[in-house]
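First the structure, in the form of structure tokens, and then the observations on it.
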Amino acid sequence: MLGSWCKPADYFYPTKKTTISFDVNPQGEFTHTVPIHQPGGWTFTAYPNGTITHQGKNYPYIYWDAAIPNSLITEPKNGYVVDSQDLPSFLPTLVQKLGLNQKESKEFTDYWTKQLPNSKYYFVGIMPKLQIDTLAPLSINPTPDSILRVSLFFKPLTEKIDVTPPQIQTFIRKGFTVVEWGAIFDTKKHPGFSCLM
């Protein structure tokens, strides 16, 4: 079975107008990319405000989805159990603690609150950076001064379970910063789940 790693959105904040080469190599297959992924990845111009210009078009970020074998995904042990009705208020608070700014956290929350299938409760875990880097290593030239990769793990639940909240480390942006958000959805109970809205 394949787990859906949906909409990792990669933002680029150089300190000055910069030409950037970027690629990602997920341990699975791309199911969607914007702009279209080419062999060797993307080359674009990025500006300090986060705007990306690629082949004459402007984008807020590079967007990709991938299907990852479930056997490669380790479900986080720690996390939160959230009533689905509370997700719109819970998610922006969590991802801002993890380091997303207000704009990024709003775009994350807008996407996932519309995307998640109906479920009474959700287990929400935080994917460790080491696992994220193993499942989808990045190649970025020039090398950023700081990289934040926020990827949550969503698992639908029919009833509450006891879990221990994770410890959260503060992320500090410095210099040329790359920020990525996304999430992995446990597809075992929803094998027809799709990342596309």
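Residue indices begin at 1 and follow the sequence shown.
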Tell me yes or no: between the side chains of Thr164 and Asn78, is some donor less than 3.5 Å from an acceptor?
no
Quick one, Phe185 with Phe154, criterion ring pair (Phe, Tyr, Trp, His ring centres under 6.0 Å). Give me CA distance, side-chain angles, the key distance, then yes/no.
CA-CA 5 Å; Phe185 179 78; Phe154 289 111; 7.6 Å; no
Can you find a heavy atom in the side chain of Phe90 that is under 4.5 Å from one in the side chain of Tyr80?
yes
With a sphere of 6.0 Å drawn around CG of Asn118, does it hold more than 12 non-hydrogen atoms of other residues, nucleotides or ligands?
no
Between Met127 and Ile184 the two heavy atoms that sit nearest each other are CE-CD1, 3.8 Å
Sorted by chain and number, sequence neighbours left out, ring-ring contact (aromatic ring centres under 6.0 Å, His included) with Phe22 holds for Phe12, Trp42
Do you know which two heavy atoms are closest between Ala136 and Trp64, and how far apart they sit?
CB-CH2, 3.7 Å
Leu116 versus Tyr122: any side-chain heavy-atom pair under 4.5 Å?
yes
Within a strict 4.5 Å, meaning less than it, do heavy atoms of the Asn101 and Tyr13 side chains meet?
yes
For Lys103, I'd like to know if atom NZ has over 12 heavy atoms of other residues, nucleotides or ligands within 6.0 Å.
yes
Within the 3.5 Å criterion, strictly below it, is a donor on Gln85 or Tyr121 matched to an acceptor on the partner's side chain?
no
Should the pair Glu104-Arg173 be classified as a salt bridge under the 4.0 Å nitrogen-to-oxygen rule?
yes
Does a salt bridge link Asp110 with Lys106, judged by any charged N lying under 4.0 Å from a carboxylate O?
yes
Whether Glu159 and Lys120 form a salt bridge (side-chain N of Lys/Arg under 4.0 Å from carboxylate O of Asp/Glu) is what I want to check.
no
Between Asp65 and Lys7, is there a side-chain N and carboxylate O pair less than 4.0 Å apart?
no
Flag side-chain contact, heavy atom, 4.5 Å: Leu91 against Val82
no
Candidate pair Thr53 and Asn58, rule side-chain hydrogen bond (donor to acceptor under 3.5 Å, both in side chains), full reasoning
CA-CA 4 Å; Thr53 301; Asn58 290 340; 2.8 Å; yes
Ignoring hydrogens and geometry beyond distance, is a side-chain donor-acceptor pair present between Asp10 and Trp181 at under 3.5 Å?
no
Thr74 and Gln131, any side-chain heavy atoms less than 4.5 Å apart:
yes
Side chains of Ser146 and Thr177: is there a donor and an acceptor less than 3.5 Å apart?
yes
Measuring only between side-chain heavy atoms, which start at C-beta, is Ile20 closer than 4.5 Å to Thr43?
no
